[in-house]
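Note: hydrogens, waters and symmetry copies are ignored here, and every other heavy atom, side chains too, is used.
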Amino acid sequence: MLDIVPAFARIGEENAFAVLARATELQRQGRDIVNLGIGQPDFPTPPHIVEAAVKALRDGHHGYTPATGILACREAVAADVHRRYGVSVSPERVMIVPGGKVTMFMAILMFGRPGVEILYPDPGFPIYRSMIEFTGATPVPVPIREENGFAFSAEETLSLITPRTRLLIINSPANPTGGVTPKAEIDALVAGLARFPRVALMSDEIYDQMTYDGAVHVTLLAYPEIRDRLILLNGWSKTYAMTGWRMGWSIWPEGAYEAARKLAVNSYSCVNAPAQWAGIAALEGPQDDVRAMVEEFDRRRRALVAGLNALPNVTCLTPRGAFYAYPNIKATGFRAKVLAAALLEEAGVATIGGPDFGIHGEGYIRLSYANSLENIERALARMARFLESARIPA
């Protein structure tokens, strides 16, 4: 037997990909599956972005780039942040990375080790806890509660910080809940963090341009008092329908940027050159496609939430961000993962069980409305038929 480092036994997974694989297998068998499980836009990457990558290849951008990303791409990120938030960021603090997960990986590796604690949102993106456990650090869940509109509570978050806490991860707009934390809570969190100067922050803002009903995303970059310990995670995948391009960006404090650069050199070397030129075109070009996509997500969101609330024994808070609904299914009598599996196998609807997003996920399932309105309506009809006739497992 190969003597693999024991830490690898602690690594979890992102079950959305397992559900996608099963849904794909059922489709190969001839089943009609509506996939509301995977979290990626069903829109193509805008044509001007694709053309920028093609042009870059034709212009000879075939080689290595700096590990932190080409300067023009880092400058485009800094300019975009300033344009949208009025915050000045040096391109020397921007890193171009192959997707959003890389920033999580780096940040948690920097602070995670046996004997320390890392706070993360729960329910939340499953890779947070997976990576924390890999490092040997103790994962401390910050409960994300339905009664708070799936926003985090500053008071509760601060109460969980101990002398062993080294990193706090926050996410708004949030996956899987669609919650958007209001400014008052973020103000209170930042004020309270003054008592804990050794605690670093990683703010996952990958869904920052997807908000609804007047909700406003508040970036942690807007608080100069925490800039020296803030790691910001963002990217192109969701906003520009570029999930397969593997394009993320992050902003690092001075004390951590060089460590992140070294991790890049030692792992992936650099992001591929044409994708970076495509990223520049996305940020500097027209934003009409982004606005149109978010408007369509809003239309689907309203239809999905209305349909979920019409299902027997299901209630669903209206999400104010991202492209997920997180209905409460406790009154159905099903365990969440049992229901998700049954919906896929018996009703032909792919969803994700709440426990795949954390220990506080029982009683909920996640549905993505990054699918057509027609498919959402088909899924709702199938779910209604299933719930009206289903026998709850003993």
Side-chain angles (χ1 to χ4, degrees), residues 12-23 26 33-40 121-129 141 143-150 171 173-179 207 297 300-371 375-393:
E13 294 190 55
E14 186 181 350
N15 201 43
F17 286 99
V19 172
L20 175 62
R22 180 57 182 161
L26 290 172
I33 304 297
V34 179
N35 194 343
L36 303 185
I38 196 70
Q40 71 172 343
D122 189 316
F125 189 57
I127 303 306
Y128 303 148
R129 185 180 180 106
I144 306 299
R145 304 184 188 279
E146 183 177 8
E147 54 266 35
N148 291 341
F150 291 126
N171 174 218
N175 175 15
T177 63
Y207 296 99
F297 284 157
R300 299 171 184 180
R301 175 186 70 110
R302 287 181 272 113
L304 178 60
V305 171
L308 288 169
N309 280 313
L311 294 177
N313 299 312
V314 174
T315 60
C316 186
L317 198 69
T318 301
R320 302 188 72 198
F323 43 62
Y324 306 109
Y326 200 62
N328 185 322
I329 53 90
K330 295 174 185 176
T332 67
F334 278 91
R335 302 286 288 179
K337 287 179 68 81
V338 172
L339 178 59
L343 286 172
L344 176 57
E345 300 291 338
E346 300 179 39
V349 179
T351 66
I352 311 294
D356 286 325
F357 300 101
I359 63 175
H360 295 296
E362 186 55 69
Y364 299 87
I365 61 174
R366 189 193 79 174
L367 299 90
S368 167
Y369 46 89
N371 204 323
N375 281 338
I376 288 170
E377 290 171 345
R378 291 171 60 219
L380 288 166
R382 293 179 183 187
M383 293 173 72
R385 287 194 296 272
F386 176 85
L387 290 170
E388 286 163 2
S389 60
R391 296 181 63 182
I392 300 168

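The main-chain N or O of Thr177 is never found under 3.5 Å from a side-chain atom of Arg366 such that the two would form a donor-acceptor pair.
Every residue was checked against the ring pair (Phe, Tyr, Trp, His ring centres under 6.0 Å) condition with Phe357, not counting sequence neighbours, and none meets it. Scanning for ring pair (Phe, Tyr, Trp, His ring centres under 6.0 Å) contacts around Phe125 gives Tyr128, with sequence neighbours left out. By the side-chain contact (heavy atoms from CB on, under 4.5 Å) test, Pro141 pairs with Tyr120, Asp122, Ile359, His360, sequence neighbours left out. Judged as a side chain to side chain donor-acceptor pair (under 3.5 Å), and not counting sequence neighbours, Arg385 has no contacts.
Here the side chains of Tyr369 and Pro319 are in contact, with some heavy-atom distance below 4.5 Å. Looking at heavy atoms from C-beta onward, Met383 lies out of side-chain contact with Leu36 at the 4.5 angstrom threshold. Residues Leu367 and Pro327 meet the side-chain proximity criterion, which asks for heavy atoms closer than 4.5 Å. Looking at Arg301 and Thr318, their side chains come closer than 4.5 Å, going by heavy atoms from C-beta outward.
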Under 3.5 Å, which donor-acceptor pairs do the side chains of residues 338-353 form with other protein atoms, sequence neighbours left out?
unit_1: Glu345; atom_1: OE1; unit_2: Arg22; atom_2: NH2; d: 3.0
unit_1: Glu345; atom_1: OE2; unit_2: Arg22; atom_2: NE; d: 2.8
unit_1: Glu345; atom_1: OE2; unit_2: Arg22; atom_2: NH2; d: 3.4

Which pairs would a plain distance check flag for residues 306-315, meaning a side-chain donor or acceptor within less than 3.5 Å of a matching protein atom at least two apart in sequence or in another chain?
unit_1: Asn309; atom_1: OD1; unit_2: Cys316; atom_2: N; d: 2.6
unit_1: Asn309; atom_1: ND2; unit_2: Val305; atom_2: O; d: 3.2
unit_1: Asn309; atom_1: ND2; unit_2: Cys316; atom_2: O; d: 3.0

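When each of Lys330, Arg335, Lys337 is checked for a salt bridge (Lys or Arg N to Asp or Glu O under 4.0 Å) with Glu362, only Arg335 meets the rule.
Remark: aromatic rings of Tyr324 and Phe150 are distant, center separation not under 6.0 Å.
The minimum heavy-atom distance linking Ala23 with Asn35 is given by the pair CB-ND2, 4.3 Å. Between Pro121 and Asn171, the shortest heavy-atom distance links the atoms CG-CB, 4.3 Å. Heavy atoms only, all atoms of each residue included: Ala336 and Gly354 are closest at CB-N, 3.9 Å.
Distance check: Phe297 CZ to Arg302 CZ gives 14.0 Å after rounding to the nearest 0.5 Å.
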